[in-house]
Protein chains: 2
Amino acid sequence: MKKLPGKTVERLSGYRRNLLGYLAAGNNYIYSHELAALLHITAVQVRRDLMLIGYSSVQKKGYDVKELIDTIGTIIDSEQGQNIAVIGIGNLGRAITSYFKGKRSKLNIVAAFDNDPQKVNRVIAGVRCYPVEKMEHIINEQNITIALLTIPPDFARPVADAAIRAGIKGILNFTTVPLNVPLNVYLEEYDMITSIEKVAYFVKEG
Amino acid sequence: MKKLPGKTVERLSGYRRNLLGYLAAGNNYIYSHELAALLHITAVQVRRDLMLIGYSSVQKKGYDVKELIDTIGTIIDSEQGQNIAVIGIGNLGRAITSYFKGKRSKLNIVAAFDNDPQKVNRVIAGVRCYPVEKMEHIINEQNITIALLTIPPDFARPVADAAIRAGIKGILNFTTVPLNVPLNVYLEEYDMITSIEKVAYFVKEG
DNA sequence: TTCAAAGTGTTAATAAAATAACACTGTTTA
DNA sequence: TAAACAGTGTTATTTTATTAACACTTTGAA
Ligand SMILES: NC(=O)c1ccc[n+]([C@@H]2O[C@H](COP(=O)([O-])OP(=O)(O)OC[C@H]3O[C@@H](n4cnc5c(N)ncnc54)[C@H](O)[C@@H]3O)[C@@H](O)[C@H]2O)c1
Ligand SMILES: NC(=O)c1ccc[n+]([C@@H]2O[C@H](COP(=O)([O-])OP(=O)(O)OC[C@H]3O[C@@H](n4cnc5c(N)ncnc54)[C@H](O)[C@@H]3O)[C@@H](O)[C@H]2O)c1
């Protein structure tokens, strides 16, 4: 299958999450406009996204919720699952880890890295924390492909580079420092301060 | 001034942050391509964004860093500043609060709201935590315009509605539940799980 | 059984964002 | 002083994302 637009992937993730709740509430079928309403988007967008992943409904009853959840899974999950490491298990790293742990069967946070002697070699928020020096070893051993970067900005670049050298293939960067990665590594950046400033701007402008 | 595109506002926030570092490193002038390099975008994009805010350089030395920082401030900050409340001061709320506190002179987190008796009426991560029942009162009294929503998903909607009734004009929603807000309220949503799943998808697809 | 209603998949049109192109202005240097 | 250069501001083009339009299918009521 051709690579999907990033925006579509984001929405698919949202569809699945909302569908799980919808299914749990005892509903087995859903119309495009209903799914759209759950996410506050338009029905056309839903249908277009589903078209892109080649999913078709049994007509007139809407989409089979369970089937659709599974289909989205085959598109966005990898069959064997992927392992994740949190680099920098401070306030934010800990919050994310304890929140995410167990939420997705195909995505597991299996290790944390830190350089604080107080944290190293202990289990924090349910995952073992290793010293950064062992990063290469552990990333290989545990087959970790994704890194969540939550260390102080000053160390973001060198540590990210080290993670990439160790074999990381995707980074979600929460630091305020823009990273530069080779083409074979996928980078997603989220800057919370920017989000807050953006809200402030649009509140001001009305 | 005409309202700027959201994407431009996001970049302006990024420009300013990087310029502050650049200035601190002792540089007083910067070319568009240098600023672009800091953020890993193109020089055209920088120039286009600056065009939109009507900023012009004294030619040939590049942009005056200090002046540009100030100009961006006049665009994205409100003169009198804005007050922020964190709703739900759990793991994530605490991480954000302690991180953000004092970072922006025009944006202050001045209150937290929670319903946990253990937290209420105490100072957490540097801000006073009030019971949710007092939300309307405090939001008015402290002139709070922005809410960071970090409560469990089940309560996201009713509590957001209450905040809006109390006078909140902008929400940054970190819960996994899509919100619906009136037109005069600005809503920004960030879904961390979606971000992680997106990284996983693009790692899988290469 | 036929006709209206509701919902889907897809193609076409529109809008938004990023990129390219380029004329213009100072700056350097020959 | 003139010619080459570097960098800017702006308009034009391309690309991407969203929205609209519509023909088709199923359903159910008349
Ligand atoms: N806390 C937030 O809500 C928030 C919001 C936006 C951005 N951020 C960014 O996330 C990052 C972390 O924020 P935080 O609040 O969790 O900070 P924190 O200080 O609580 O955590 C940082 C962690 O990184 C570890 N660390 C420091 N240097 C390291 C190194 N060289 N190698 C490995 N580990 C190292 C520290 O021991 C600590 O555990 C920062 O870059 C910050 O800009 C945080
Ligand atoms: N922790 C993360 O990194 C993370 C990541 C993505 C999304 N989220 C979302 O952020 C939210 C909070 O996550 P968390 O990990 O901080 O959870 P948490 O349980 O640590 O914190 C939730 C806080 O909200 C308070 N609360 C509960 N009900 C309330 C109510 N009705 N009114 C006011 N306060 C109430 C609780 O007392 C607690 O302090 C969740 O919706 C979660 O989906 C968290």
Side-chain angles (χ1 to χ4, degrees), chain A residues 1-15 19 22 27-65 67-68 71-72 75 178 187-189 194 198 201-202 205, chain B residues 1-15 19 22 27-65 67-68 71-72 75 178 187-189 194 198 201-202 205:
Chain A
M1 157 136 352
K2 211 178 154 308
K3 217 189 289 185
L4 298 167
K7 292 293 177 73
T8 293
V9 175
E10 290 177 16
R11 282 190 296 264
L12 288 172
S13 161
Y15 296 156
L19 286 169
Y22 197 76
N27 306 290
N28 292 313
Y29 293 92
I30 191 169
Y31 293 120
S32 62
H33 66 265
E34 292 174 318
L35 179 50
L38 291 179
L39 289 104
H40 307 126
I41 59 175
T42 69
V44 194
Q45 188 129 71
V46 170
R47 296 209 301 274
R48 227 180 177 299
D49 287 334
L50 298 190
M51 186 192 95
L52 288 176
I53 65 170
Y55 182 77
S56 279
S57 72
V58 183
Q59 283 195 318
K60 205 55 212 168
K61 296 190 292 180
Y63 305 102
D64 181 315
V65 178
E67 197 177 273
L68 181 48
T71 305
I72 293 174
I75 301 287
L187 172 65
E188 174 88 10
E189 313 209 272
T194 286
K198 189 180 172 193
Y201 171 81
F202 284 108
E205 293 297 317
Chain B
M1 157 138 348
K2 214 180 152 310
K3 219 190 285 184
L4 299 167
K7 291 292 176 73
T8 293
V9 175
E10 290 178 16
R11 283 190 296 264
L12 288 172
S13 161
Y15 296 157
L19 286 170
Y22 197 74
N27 307 289
N28 293 312
Y29 292 92
I30 191 169
Y31 293 119
S32 62
H33 66 264
E34 293 174 318
L35 179 50
L38 290 178
L39 288 106
H40 306 127
I41 59 175
T42 69
V44 194
Q45 188 130 72
V46 169
R47 296 208 301 274
R48 223 175 180 301
D49 287 335
L50 298 191
M51 186 192 94
L52 289 176
I53 63 169
Y55 182 77
S56 278
S57 71
V58 183
Q59 282 195 318
K60 207 54 214 169
K61 295 191 293 182
Y63 305 102
D64 181 316
V65 178
E67 197 177 274
L68 181 49
T71 304
I72 293 175
I75 301 288
L187 173 65
E188 174 86 12
E189 314 208 271
T194 287
K198 188 179 172 193
Y201 171 81
F202 284 107
E205 293 297 318

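All of these numbers come straight from a predicted model, not from anything done at the bench. A note on names: the letters A, B, ... follow the listed sequences, proteins ahead of strands, and every chain is numbered from 1.
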Taking atom P of dT8(D) as reference, at what distance in whole Å does atom CG of Asp49(B) sit?
14 Å
Thr71(B): which of Ile53(B), Leu12(B), Leu50(B), Asp64(B) passes side chain to side chain contact (heavy atoms under 4.5 Å, CB included):
Ile53(B)
Please report, rounded to the nearest Å, how far the P atom of dA18(C) is from the NE2 atom of His40(B).
17 Å
Between Val46(A) and Tyr15(A), the two heavy atoms sitting closest are CA-OH, 3.4 Å
Nearest whole angstrom, please: distance from the P of dT8(C) to the OH of Tyr55(A).
11 Å
Under 3.5 Å, side chain of Tyr201(B) to main-chain N/O of Leu4(A), donor-acceptor pair present?
yes
With a 4.0 Å limit, can you tell me whether Tyr63(A) has a side-chain N or O closer than that to the phosphate oxygens OP1/OP2 of dG9(C)?
yes
Ser32(B) side chain near dT8(D) phosphate (N/O to OP1/OP2, under 4.0 Å)
yes
Among dT19(D), dA18(C), dT8(D), the one nearest Arg11(B) by side-chain distance
dA18(C)
What is the distance from CG of Leu50(A) to P of dT18(D), rounded to the nearest Å?
14 Å
On DNA chain D, more 5' by nearest nucleotide between Val44(A) and Val44(B) is Val44(B)
Would you please confirm or rule out a distance under 4.0 Å between OP1 or OP2 of dA20(C) and any side-chain N or O of Arg47(B)?
no
Gap between atoms OH and C1', on Tyr31(A) and dT26(D) respectively (whole Å):
10 Å
I need the CD-C1' distance between Gln45(A) and dG9(C), as an integer number of Å.
15 Å
Contacts of Met51(B) and His33(B) projected onto DNA chain D by closest heavy atom; the upstream (5') one is His33(B)
How long is the gap from NZ on Lys7(B) to NZ on Lys198(A), to the nearest 0.5 Å?
7.5 Å
Tell me: NZ of Lys7(A) to P of dT18(D), nearest whole Å?
5 Å
So for Arg48(A) and dT19(D), does any side-chain atom that can act as donor or acceptor lie under 3.5 Å from a complementary atom in the base?
yes
Would you tell me if any nitrogen or oxygen in the side chain of Ser56(B) comes within less than 4.0 Å of OP1 or OP2 on dG9(D)?
yes
Heavy-atom pair of closest approach, residues Tyr55(B) and Tyr63(B)
CE2-CD2, 3.4 Å
Rounded distance in Å - CG (Leu52(A)) to P (dT8(C))
16 Å
